[in-house]
Amino acid sequence: EMYESLNAHLQIAHLHSRGRDWAARLPVEQAEHEEIVAALAARDLPRLQRALRVHILRAQQSLADGLTSE
C-alpha cells in the first residue's frame, strides 16, 4: 500500500512537472506548504483544514488544467 501511494504521488508530480506553468506555481505551492506547516505547529485544526483544502483544490485544478491543455 505504501509503495502504491508513493508511486501515485510520483506520477502526479511527474504530470505537474510537465506543465508549462510549473515554475509559476512554485511560489504558490511553497506558500501553501508553509501555511500547512504553520497550522500544524500551532496545533490549529480549523486552520490546518482550510490550508489543506485550499492546497488540494488548487492542485487538483492545476492538474486538470494541465491534462486538458495537452
Side-chain angles (χ1 to χ4, degrees):
E1 282 183 33
M2 185 182 284
Y3 171 79
E4 289 176 9
S5 177
L6 180 58
N7 190 42
H9 282 87
L10 290 172
Q11 289 179 13
I12 290 169
H14 177 72
L15 286 172
H16 272 298
S17 70
R18 288 180 20 200
R20 285 177 247 141
D21 67 336
W22 71 268
R25 281 196 328 265
L26 289 178
V28 173
E29 291 180 6
Q30 181 176 352
E32 290 170 351
H33 290 155
E34 288 173 358
E35 177 61 15
I36 291 166
V37 170
L40 283 168
R43 296 178 178 257
D44 185 338
L45 183 58
R47 180 179 174 188
L48 177 61
Q49 290 171 326
R50 283 190 304 274
L52 287 169
R53 186 174 295 109
V54 165
H55 177 63
I56 291 168
L57 292 176
R58 196 246 349 118
Q60 178 184 34
Q61 187 61 52
S62 177
L63 181 60
D65 291 347
L67 292 173
T68 57
S69 68
E70 289 185 7

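Quick caveat, the model's predicted, so the values are computed rather than measured.
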Exercise. Is any side-chain heavy atom of Arg58 less than 4.5 Å from a side-chain heavy atom of Arg25?
Worked result: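 Result yes, sub-4.5 Å side-chain heavy-atom pair found.
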
If you measure from [atom1] on [X] to [atom2] on [Y], what distance do you get to the nearest 0.5 Å?
X     : Y     : atom1 : atom2 : result
Leu40 : Glu35 : CG    : CD    : 10.0 Å
Ile36 : Arg47 : CD1   : CZ    : 11.0 Å
Leu26 : His33 : CG    : NE2   : 10.5 Å
Gln30 : Glu34 : CD    : CD    : 4.5 Å

Problem set entry | Residue from Leu52, Val37, Ile56, Val54 passing side chain to side chain contact (heavy atoms under 4.5 Å, CB included) with Glu32 | Val54

Exercise. Quick one: hydrophobic cluster around Leu57, which other residues, with the 4.5 Å side-chain cut-off, linked directly or via members?
Worked result: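 Answer for Leu57: none, a lone residue.
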
